[in-house]
Every structure is written in C-alpha cells, then in structure tokens.
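The structure appears right after this line, and notes come after that.
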Amino acid sequence: MTQGSRRRISSLVGRAVTGALAAALMMGAAGAYSSSPAMAAPANTVSHVIANLGADASHMSLTWYSTLEGSPTVRLDDGTVVTGTQGPAEASNGFMPEPHYWNKVTLPNLKPSTTYKVVIANADSAITPYTFTTVDPADFTFGVAGDPQIGSGDSSDAGVARHGASWTSTVALMRSKGAQFVAGVGDQIDNGNFEDTEVGSTAQKENQYAAFTSGLNQNNVLVPYTAVMGNHESDHGGDGDRLNGPGRAIFSYHYTWPNPMGQLVGGVTLVNYYYTVNNVLYVVLDDAQYPQTKNPTTGKWESDLVAAAEFVKAYDQTLAAAIKASPNYDWLIVQTHKSQMSDGPHWNDSDIRAYSLAGFEDTMTKYGVDVVLTGHDHEYTRTFPMTSEGGPLVDGGVSVDQNNKTDKLVNPQGTVYLVLNSASGSKFYPLHEPNKATTKVSDQSFVPQYTMVNVSTSGLRFTTVEQGTERVVDAFSIEKSAATTPEPSPTASIPAPSPSPSAPSPSPSASPSQSATPSPSPTPSVNSSPAPAPSSPATPSSGTSVVATTGGSVAESSGSIYGLVGLSLGFVALLVIAGLARARRRGEVQSATSR
C-alpha cells in the first residue's frame, strides 16, 4: 500500500471517528432533558423533592437533594429554563451511601391557577417530570398541618414508614378538599440534630425528612408547603444549650423560604420570613429556641426574660417589614410553633412563659394579627378573639372580645389563636382540666387532624377535621370590613430583609442563614399584577436566574416606537405647510431613524 493510500485511509477513518463523536454529542444534548439520562451522563439520584411557595403567588421554589454535583436547573413545559444554587449537604455525608447536595431553584413570573409540568436536572442529568399548580387569583383554599413529627416515639424504619403513610393520607385529604398549598406550624420531623450521639441518628433524621417530603409528592404532583422551624428541627446544641441547635443547618438544606429577614439573635439566625397569597399576608416567626442563659453559679441553663425579649424584638421587626413591603392586605396570619394559649401540658413551660412575658401577645395585638397558627402541644385549641394588655395569659394580661364568642366572628377585636393537633398521629398530649377562660373550643380524640381554610371576599372560614372519620372538630368564620384593618405603629423599627449570598455555609457551631437561598422580592401590593422576575442575578434577594425562555410580547415597546413615528410625521407635515423644505428633509431622516 502506498503512502498516499495510507493517508487517504487515515483521513477517512479520522472523519468517521469525528462524525461518530459529533453524533454522540448531539444525541446526548438532545436527550439531556428526556425522562431518562443520556447514556454518557452519570447517574443522578434525586430525593426529598419539595415545592415551597415564593414571595407571592407568582413565584414557586423547588428544593431537592441530588447525588450529582452540578448546576441545578428547572425546565418548564414552555421551554423556559431557570437555574438556581447548590451546595453540599454536609451533615448527610458519611451517614448516607454517597454524598448529597442540596439544590434550590425559584421560578418567577408564574401565571395564577395554572398547572406547570417541570423537569429538574443537575448537570444535564434529567429526572422524571413533576407538576404543581399555582393558586387561584381570587378565592382560594389552603390546609394547615400541625406537627407531623415523623419518627416521634418510633424512629425505626417501620415507625417512620407508618407515620409517613398517615401524613400522606392527610395531605391527600386536604388536596381532595381543594387545598392549593399547606401551611406548616413546625416539627415536621422528630430528630433534627445531626450531632446526636445515638447510632444512626442522622440517617434516621434523613429518613424522616424523606417520609415528610414524600407526603407532599402525590404521584409526582407536588403540593406546595411553607415550613416553620420547630424545636425538634432545631434541637439542642449540647451541654444543655437549647438555643443554637445544629439541626438548623440541615433544615436549611430541605426548604426554601422567601424574604428571609436574616436576624441574628443569641448566635442563632432566625427563620423569620413572610409571603403573600392574594389578599392574605403570612408572617412566619421562629420561636423554636429556648431563650436561656447559663447560670454562672449553678452552671445550668435557665429561662431568661432578657433573652426572650430579643427574640420578640425580632418578631416585631419582621411584622413591621412585612407590612411595609405588602401593605394592601385584608388578612394578617402568623405561623409559629409554640403558644401559651394551648390547653395541653406545655402551655406554661418556662420558655413559652418567657416569650409571653417578653411581649409576644403584645406584638400580635400591636399589629392587629387576625389569626396565629401554632402547634407544639399535639391537641386542638381555639381561643376567643383577644387583645393583650402588657402581660401573659397567667397574669391576666389579655382581654377577650365579649361581642364575639360564637362561631361567627364579625369585626372581632383581637387575635384568634389556633393550636393544632398532630397531622400524622405520631404523638398526642392530653388536655389539662379545666380549660382556660380564653378557650372557646378544645379537643383531643387521639386521631390525626387537619384544618382547611377557605379565603373569599366574604372572609375566612376554618374547618378542622379528623382524618379517616372526617368528624368536624371545629368550624368558625371571621368577617370584617376593610376599615377594621389596623395601621402599623409609626414608631416601629422596619429593617429590610437581609441580602442573600449565593449559597449557605452551614456548620454545627454556627447555623446558616436561610438568606442564602434564592428569594424573589416581595410584591408591594397583594392586589397588583404579579411581580416581574429580578432583572439581574446580582439583586440581593435573588439567587435564581432565567437562562433561556421562549415567547414574549413587544406590544408595549412597539407602541412607544410608533407613537414617536407619528409625532415625527406630524412635525414633518407642519414643515411642509410652512414651506421649509430643508427642515422637512431633516424630519424625514428623523422619521426613518425612529423606525
């Protein structure tokens, strides 16, 4: 064979190999967002997928674990691709078969009452599509779930599976009754501390998170959820210090919340945030901590009113900021974990009493909160509407609205406190006797319960139901005129939400701030059109960027251009009438340039 023949054969072989590689790359790119990964892509296991409501009804955040490191993306069915942030789930590494990464993507500019089909991916490794539905633009229904606390009393695989199945049934019942999202009140899981000394505690915790999030994933239909930090998520930090629990780091891996305040109190970054859904402003307050200081004489941790006052000050600031950002609300609802209004055994625990003495109820009265949703005591209590007069319940510091003691509350003077029973049935507490004078309804049937809330132009309707039996535990409504909506205190301190860095850096000694997660800016008015997506990834309150989109409208810009053209032509016509030929030519040039 001649040297020229060898070169020709070598050239043909080289072209064939190059062509094959190009074809393989094209096939890999084409299949990157198919329901199964491309052949060359590494396997990616995704778990703990959850949808969290964003700053308003036009935003939704998706959060998940992946075994593959790579930029997280969400592709909508219209072709829009949105990128987010990722970081190592450090607490899980070493306790699970392989490393895991948390992933967070916030989707902006969503249409109301619309079902979206999305595909989540890491580094072009696609996963089975999920769907979620945005909230109706007017009347809507949401569910409220008290303390699922998956794993309580039985953290074995069998116990977690049993609690998870009951929780899944509760979510399915709420969906069947029209719940468009579920509002939590804390203690979603039982074991939040990844530094517990018991063997396998972290793996148990991850199993509990998996069972909880699976309950909100009904055959790949995601039910949006808003999470509250509970004391079992936070957990203690060792040596009796129940303030700075290391479980806060892993809590931040599993949820995305909007408008994080980023308030650092006693070495803890509180999970205080707010969001709006139509005409309702929701404010989430973190009272999972045990406000304590160490007694220098005894060396023991003791409840401290001064420490509690710092937390209450942060709650005041959060409410003030939320009202300033979204002033056009009709209803103000607070989600938190603990309450002194409970009829369960924890109602007067030292930490809860300290919060009350420091002014928790005073703050609810100050801002005219309509309803406070709580849990913690695993029983059901509803109070009369009440106002606080500078002290806790046990010291006679509240006044009941004597004109609203029925189940139909009309322009109530004060706040209604709800303490919700367990939504999974993992744990129950008995009622104490007799009920407090502030209690309208209390119930403990030792059966899981859930609450449905209908929001309409006529008011709020609450119905609490037993799982399975569907017995109505309690039902009441609240109606009020717009004139009764209180004005926030003009002297209130209103800090802006903390800027959000690109990713959290959790550590056992210093819990991460959730401000590290993507969070769209709040909409100024709950009755206005959905807010546009942040214009730049550098915006402090957003860690998400839209990298590709299809469609769009140029009507507004075209209208502006044609308006300018029309003015230019009119000007030209005046010049013609005046006989200014040279000016006319200039006008023609200007008109051509405008087009």
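Just so it is clear, the values below take in all heavy atoms, side chains as well, and ignore hydrogens, waters and symmetry mates.
Between Ala183 and Gln335 the shortest heavy-atom distance is CB-NE2, 3.6 Å. Heavy-atom minimum distance, Ser166 versus Pro448: OG-CG, 3.9 Å.
Tested against Lys338 for a side chain to side chain donor-acceptor pair (under 3.5 Å), the candidates Asp351, Asp349, Asp377, Thr374 yield a single pass: Asp351.
Note on ring orientation: taking the six-membered ring where Trp is involved, the planes of His100 and Tyr65 are tilted (angle from 30° to 60°).
Side-chain contact check for Ser356 and Glu361: at least one donor-acceptor pair (N or O, by modelled atom type) lies under 3.5 Å. Under the 3.5 Å distance criterion, with hydrogens and angles disregarded, a donor-acceptor pair is assigned to the side chains of Glu379 and Ser342. With 3.5 Å as the limit, one finds a donor-acceptor pair spanning the side chains of Tyr225 and Gln188. Side-chain contact annotation: His376 with Asp187, donor-acceptor N/O pair under 3.5 Å absent. Donor-acceptor pairing under 3.5 Å is recorded for the side chains of Glu206 and His254.
Remark: Asp147 does not engage Lys427 in a salt bridge, criterion side-chain N to carboxylate O under 4.0 Å.
Annotation: side chain of Thr336 is not in contact with side chain of Val185 (no heavy-atom distance under 4.5 Å).
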- Message: One pair to check against side chain to side chain contact (heavy atoms under 4.5 Å, CB included): Thr168 and Val171. What are the steps and the verdict?
- Response: CA-CA 5 Å; Thr168 300; Val171 175; 5.8 Å; no

- Tyr130/Leu62 under side chain to side chain contact (heavy atoms under 4.5 Å, CB included): CA gap, chis, key distance, verdict: CA-CA 10 Å; Tyr130 297 87; Leu62 300 184; over 6 Å; no

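Considering OG1 of Thr83 and CZ of Arg75, their distance stands at 15.5 Å, rounded to 0.5 Å.
The ring-ring contact (aromatic ring centres under 6.0 Å, His included) search around Phe428 returns Phe446, not counting sequence neighbours.
No donor-acceptor distance shorter than 3.5 angstrom exists from the side chain of Thr67 to the backbone of Asn44, with no hydrogens or angles considered.
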